[in-house]
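All remarks here apply to the structure that follows.
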Amino acid sequence: MAGAAVASPLCTWLVAACMTVACDKEWPLGPGSASPRRRWRRASLSGGVGRASPRRLISAFCGAGIQGLMSSCLAFEPCAEFYSSRNGSAFFGGDGFSLLGRQNAETTRRQRRGARSSPSSGKVMSIAVQPEKKVAEKERTQTKQRRVVVTGMGVVTPLGHDPDHFYEELLKGVSGISEIETFDCSSYPTRIAGEIKSFSSDGWVAPKLSKRMDKFMLYLLTAGKKALENGGLTEEAMSWLDKERCGVLIGSAMGGMKVFNDAIEALRISYKKMNPFCVPFATTNMGSAMLAMDLGWMGPNYSISTACATSNFCILNAANHIVRDEADVMLCGGSDAAIIPIGLGGFVACGALSQRNSDPVKASRPWDVDCDGFVMGEGAGVLLLEELEHAKQRGAEIYAEFLGGSFTCDAYHMTEPHPEGTGILLCIEKALAESGVAREDVNYVNAHATSTPSGDLKEYQALIHCFGQNPELRVNSTKSMIGHLLGAAGAVEAIAAVQAIRTGWVHPNVNLDNPDENVDVNKLVGSKKERLDVKVALSNSFGFGGHNSSILFAPYK
């Protein structure tokens with residue numbers, strides 16, 4: 001214990017001294033000082049297109065000197081106490097210089113003082129380390145106090161690319177399912193999908209990059225930036241954020257399938273013909289990474305891929321980062337663009353798709369006896385989650401509160417749900433327990449229901465088991481109109497749930513012409529939109545591999 005007591009402040013002092021030397025050489029911090037070695041590189045995805053507008057969200061700034069400082073000073077690992085004691089001004093010196101620029105230093109300090117319990121000293125100093133038990137108790141207390149709210153939404157869907165227009169189309173019962181046009185699929189038994197017919201990333205992604213990126217990444221970047229704009233985080237507002245506490249967690253089930261497929265075709269000729277970005281642009285994590293680079297957000301950044309449950313996994317994990325005081329702002333959701341020959345062919349081969357080619361708008365029909373498989377869709381959904389006090393401080397409009405959720409695994413089959421629905425039921429019950437929500441408070445469910453007989457019925461039975469005694473319960477499936485957006489489905493459907501809370505209307509179930517005899521139509525929304533005062537909304541997503549996820553939203557009070 002004595003050794004640890006000496007080592008911690010000594011470690012802190014050594015790191016601080018090392019950084020002070022490096023800063024004196026490369027980053028003069030005194031008033032009026034300037035360094036010819038200070039070189040800034042703007043890594044922007046949104047520059048060079050169109051006129052200036054609030055869309056031009058601030059991009060990351062990377063300094064060569066910073067990289068040198070990191071490699072020279074942090075060749076050894078600083079002790080944990082150094083990380084816990086540092087703040088923006090202490091890390092780079094006493095005059096308030098930070099990665100956000102000198103002009104924002106004072107604001108950043110004020111924000112950090114409000115968000116964290118430890119005061120900002122403005123100097124590098126050692127601290128007294130509290131016993132681990134006391135620290136743990138303090139963190140648990142903070143966790144209970146932090147609430148998560150939805151302050152922005154962005155979508156790219158077969159029914160439009162604005163969250164309000166998208167939901168208006170859902171309320172009208174409009175279908176976004178049609179014949180596939182992007183490639184010749186005349187030889188396939190399935191020739192329909194929820195295909196996006198009109199999409200442009202102009203103004204959101206630089207043309208040079210958009211030509212090389214996979215569509216899943218273009219959808220992700222566009223929806224992510226639209227969520228920021230929808231949440232009032234313009235470039236000016238972004239400049240006030242503490243970017244070390246802003247993160248991105250947007251996943252994908254399939255990743256850059258077309259980029260990877262094109263690379264294989266090019267390799268048949270020569271590796272020299274391959275897209276040099278084929279590896280990074282095919283990976284599922286790179287969408288989140290590119291968006292973070294563009295925004296300069298340095299908080300939690302990764303992706304999760306759990307098939308069609310991807311978005312819900314990302315949303316709940318993003319919320320948990322905020323709850324644990326690891327972030328104040330998170331962009332989260334999912335994106336997929338698998339309507340290409342290999343994607344369509346793969347799902348056809350496993351016998352999962354509807355073949356109702358003669359009447360596409362009638363093809364997706366959850367809980368109907370005439371359903372013959374799901375309909376592929378594509379797009380992206382991104383939610384802007386924010387810590388409540390942070391959102392109130394910047395005057396953000398709060399759309400809904402995120403209450404929590406849960407995950408489980410069927411541990412049964414790659415593509416089929418457990419025959420008794422045990423994994424689904426367990427997931428819903430755990431979500432209620434984790435969020436502290438009573439069963440009788442849940443009166444709206446946006447179901448996973450994909451238009452497959454076994455999956456739809458198992459989910460319905462689990463819902464009735466949990467909420468069947470609630471006379472107000474209304475259940476619908478967004479997939480009846482847009483198809484199954486795979487990894488993006490959960491986020492787009494979560495946005496539909498939030499919109500139901502905001503508007504007081506739940507969208508219809510289209511194509512429910514001959515309901516299965518095992519379902520009670522009094523629990524399902526009919527063919528027209530219905531008025532509902534949503535108390536708590538549950539959104540389910542389940543994926544191949546037995547991945548189950550349930551998340552909960554409620555009106556903010």
Side-chain angles (χ1 to χ4, degrees), residues 41-49 59-60 62 64 67 156 179-191 193 195-202 204-224 248 250-294 301-305 307 310 334-350 352-353 376-380 485-488 544:
R41 175 174 61 86
R42 182 166 186 168
S44 173
L45 299 180
S46 58
V49 182
S59 299
C62 303
Q67 296 170 353
V156 175
E179 294 183 0
I180 296 172
E181 298 178 359
T182 52
F183 63 95
D184 181 12
C185 57
S186 57
S187 62
Y188 290 73
T190 293
R191 300 184 292 278
E195 185 181 51
I196 294 174
K197 305 297 185 183
S198 176
F199 170 77
S200 173
S201 60
D202 290 353
W204 305 103
V205 182
K208 187 175 182 179
L209 282 172
S210 65
K211 292 177 181 178
R212 295 185 172 186
M213 283 182 173
D214 191 276
K215 282 200 297 184
F216 103 89
M217 197 176 292
L218 293 177
Y219 293 164
L220 183 158
L221 293 169
T222 302
V248 185
I250 306 174
S252 176
M254 312 298 287
M257 291 187 69
K258 187 174 188 307
V259 165
F260 196 76
N261 184 74
D262 290 348
I264 294 174
E265 294 300 318
L267 186 60
R268 297 179 188 278
I269 303 173
S270 169
Y271 73 89
K272 297 180 180 179
K273 298 292 185 179
M274 294 174 67
N275 178 353
F277 296 97
C278 67
V279 171
F281 283 178
T283 57
T284 59
N285 73 297
M286 199 55 63
S288 287
M290 295 293 282
L291 184 54
M293 292 175 201
D294 197 24
N301 183 274
Y302 55 99
S303 69
I304 296 173
S305 184
T310 290
S335 179
D336 260 316
I339 304 177
I340 59 174
I342 191 172
L344 180 66
F347 281 110
V348 165
C350 69
L353 299 183
M376 285 182 68
E378 62 179 348
L485 273 56
L486 307 178
F544 281 1

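Everything numeric here is computed off the predicted structure, so don't read it as measured data.
At least one side-chain heavy atom of Phe281 sits less than 4.5 Å from a side-chain heavy atom of Leu209. Two residues are said to be in side-chain contact when any heavy atoms from C-beta on lie closer than 4.5 Å; Met254 and Phe216 fail this criterion. Side-chain contact check for Phe199 versus Leu218: some heavy-atom pair is nearer than 4.5 Å.
Applying the side-chain hydrogen bond (donor to acceptor under 3.5 Å, both in side chains) test to every pair with at least one member in residues 334-349, sequence neighbours left out, gives these pairs: Ser252-Asp336. Applying the side-chain hydrogen bond (donor to acceptor under 3.5 Å, both in side chains) definition to pairs two or more places apart or across chains, those involving residues 275-293 are Thr283-Asn285, Thr284-Ser303.
Among all heavy-atom pairs drawn from Gly334 and Ala488, the shortest one is O-CB, 3.5 Å. Ala292 approaches Asn301 most closely through the heavy-atom pair CB-ND2, 3.2 Å. The two residues Ile180 and Cys185 make their nearest non-hydrogen contact at CB-SG, 3.8 Å. For Pro276 against Arg212, the heavy-atom pair with the smallest separation is CG-NH1, 4.1 Å. In terms of heavy atoms, Pro280 sits closest to Met217 at O-CE, 4.2 Å.
One finds the CD1 atom of Ile342 at 8.5 Å from the CZ atom of Phe260 (value rounded to the nearest 0.5 Å). Distance check, rounded to the nearest 0.5 Å: CE of Met213 to CG of Leu220 gives 9.5 Å. To the nearest 0.5 Å, atoms CD1 (Ile196) and CD (Glu378) are separated by 4.5 Å. A distance of 8.5 Å separates CD1 of Ile340 from NZ of Lys215, quoted to the nearest 0.5 Å. How far CZ of Phe277 is from CG of Asp214: 14.5 Å, rounded to the nearest 0.5 Å. Note that CG of Leu221 and CG of Leu291 are 5.5 Å apart. Values are rounded to the nearest 0.5 Å.
Residues passing the side-chain hydrogen bond (donor to acceptor under 3.5 Å, both in side chains) test with Lys258, sequence neighbours excluded: Asp262. Under the side-chain hydrogen bond (donor to acceptor under 3.5 Å, both in side chains) criterion, Lys197 pairs with Ser178, Glu195, sequence neighbours left out. With sequence neighbours excluded, the residues that form a side-chain contact (heavy atoms from CB on, under 4.5 Å) with Ala352 are Cys350, Phe374. Residues satisfying the side-chain hydrogen bond (donor to acceptor under 3.5 Å, both in side chains) criterion with Ser186, sequence neighbours excluded, are Asp184.
Of the possible donor and acceptor atoms, one in the side chain of Thr310 sits under 3.5 Å from a partner among the backbone N and O of Ala307.
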Point to revise | Derivation and outcome, side-chain contact (heavy atoms from CB on, under 4.5 Å), residues Leu353 and Leu344 | key: CA-CA 9 Å; Leu353 299 183; Leu344 180 66; 3.6 Å; yes

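Using cut-offs of 30° and 60° on the angle between ring planes, the pair Phe183 and Tyr188 is perpendicular.
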